[in-house]
Student: 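Sharing a structure with you now.
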Protein chains: 2
Amino acid sequence: MALTREQLTDAAVGVLSEFGLADLSMRRLARELDVQVGALYWHVKSKQELLVDVAAKLLGSVPEPALPAPEMAPMAIGALLQQLRSALITIPDSAEVIQLAQTMRPEALAPLGWLLSFLEHAGIPAEQAFYARHLLLNHLLGSIAAHQEARALVGEPEAQEHAQESGQEAFEYGVRVILLGLSLEHPKNAV
Amino acid sequence: MALTREQLTDAAVGVLSEFGLADLSMRRLARELDVQVGALYWHVKSKQELLVDVAAKLLGSVPEPALPAPEMAPMAIGALLQQLRSALITIPDSAEVIQLAQTMRPEALAPLGWLLSFLEHAGIPAEQAFYARHLLLNHLLGSIAAHQEARALVGEPEAQEHAQESGQEAFEYGVRVILLGLSLEHPKNAV
DNA sequence: ACCTGAACACCGTTCAAGT
DNA sequence: ACCTGAACACCGTTCAAGT
């Protein structure tokens, strides 16, 4: 029966997970799905649009957290970031894919909307909450990318383990520093 | 006379500045320099290697600041970050190019070395100074990329002006938050 | 509605052979 | 030492035509 957009997205997630973004080409997906390349363009308008779907699917496993009490917002933010990291860290080049999706169609990434609402809920004014989310997101995606490059660059198994731990450590350090900074920048509030 | 590696790098910087990374192909550079594509590969080993040279040249205009007194380190860090931003903000896709160079050959980007030494000079232990630099760098490059996408996405001239100001504002906000956070995370020291 | 076949206009990299 | 010519193995996107 006919190919669906969902199947196409799943195939794309599969190739990304196994081989990375460099191998994720429309032609390769067509081969994998036993159709001609042109067929894919009946289901999606462009490769970029497909990548937005992929990004949404990658974040689809992150459960929506309950809106916390304002004084609990920082902890909730930390927990959400950790969830996002867990969902992305094993997928090669996931940071790049999320980045692209977030600039192309921010509404498609619901968990990043929750992040913004938590920041506002903590008492940060709207515009600055926007900046603060950017800060947290750049850190999250940057530290995921750095961690994956570190794994790719070294071959020694023992160095791999160290990269594993220090990636998590660097991530947590950054989250701590940013949340501390936010609490000083907005002293009247909880964050 | 013969093509030089320097000329090749300059041509690459030129295409990047005028047309962006998507148009910066080896074949285009060959056309621009009136040689066959293969000729370029006598001067550089790969396109990636060329991009490292491009990144180094982009940061080449940033002057080396004097090592500040420890209690002046935060200001010096802020000033250096502003210099880096100024050097990159007008060059399309510069964040991506710097990112690539920094993971491929970090020693090639001297100003990022100065940043690390300033952080250590402020009394942050070596490993955490590494994390802290990552944090600052992700923010710098992330806010440059966001600013350039904002410019690209909107056509209205008045929205352009707003993007101009708010890009700078978002950048300064982030630097402030991170430096504040660092000062709390490392209380015995100046930062 | 959904797909094929084929084309268009590109890529990065390699390498024998020329000067 | 430096470059040409030509090939290899790819890309994303479009679109008339088929079923």
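None of the values given here were measured: they were computed from a predicted structure. By convention in this document, chain letters (A, B, ...) are assigned in the order of the sequence lines, proteins followed by strands, and residues within each chain are numbered from 1.
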Student: Dump the intermediate steps for side-chain contact (heavy atoms from CB on, under 4.5 Å) on B/Ile144 and B/Phe171, then the final yes or no.
Tutor: CA-CA 8 Å; B/Ile144 287 172; B/Phe171 170 69; over 6 Å; no

Student: Determine the interatomic distance between C1' on C/dC2 and the same-named atom on D/dC15; round to the nearest Å.
Tutor: 14 Å

Student: Check whether A/Asp93 reaches the backbone of A/Gly20 with its side chain - one donor and one acceptor, N or O, closer than 3.5 Å.
Tutor: no

Student: Within 45° of the ring axis of A/Tyr173 and under 6.0 Å from its six-membered ring centre, is that where the NZ or CZ of A/Arg176 lies?
Tutor: no

Student: Please round to the nearest 0.5 Å and tell me the distance separating atom CZ of B/Arg133 and atom CG of B/Leu140.
Tutor: 12.0 Å

Student: Keeping the roles fixed (side chain from A/Glu64, backbone from A/Pro111), state whether a donor-acceptor pair exists under 3.5 Å.
Tutor: no

Student: Please answer whether the main-chain N or O of B/Pro68 pairs with a side-chain N or O of B/His121 as donor and acceptor at a distance below 3.5 Å.
Tutor: yes

Student: Spell out, as yes or no, whether a donor-acceptor pair under 3.5 Å connects the side chain of B/Gln148 to the backbone of B/Thr90.
Tutor: no

Student: Where the side chain of B/Ser166 meets the backbone of B/Glu169, is there a donor-acceptor pair that is under 3.5 Å apart?
Tutor: no

Student: What residues form a salt bridge (charged side-chain N to carboxylate O under 4.0 Å, His left out) with A/Glu96, not counting sequence neighbours?
Tutor: none

Student: Examine distances only and state if a side-chain atom of A/Lys47 and a backbone atom of A/Leu24 form a donor-acceptor pair shorter than 3.5 Å.
Tutor: yes

Student: According to the salt bridge (charged side-chain N to carboxylate O under 4.0 Å, His left out) rule, which pairs have a member within residues 5-24 of chain A, sequence neighbours left out?
Tutor: A/Arg5-A/Glu49, A/Arg5-A/Asp53, A/Glu6-A/Lys57, A/Asp10-A/Lys57, A/Asp23-A/Arg28

Student: As a quick check of understanding, evaluate side-chain contact (heavy atoms from CB on, under 4.5 Å) for B/Leu21 and B/Leu51, giving each step before the final call.
Tutor: CA-CA 10 Å; B/Leu21 197 56; B/Leu51 288 177; 4.3 Å; yes

Student: Of the residues in residues 32-49 of chain B, which ones touch DNA chain C at a heavy-atom distance under 4.0 Å?
Tutor: B/Val37, B/Gly38, B/Tyr41, B/Ser46, B/Lys47

Student: Hey, where does DNA chain D pair up into stems, meaning at least three consecutive Watson-Crick or G-U pairs with distances under 3.5 Å?
Tutor: C:4-8 with D:12-16, C:12-16 with D:4-8

Student: Please list, in numerical order, the residues of residues 12-30 of chain A that have a heavy atom closer than 4.0 Å to any atom of DNA chain C.
Tutor: A/Arg27

Student: How would you give the extent of chain B contacts on DNA chain C, as first and last nucleotide 5' to 3' within a 4.0 Å heavy-atom cut-off?
Tutor: C/dC11 to C/dC15

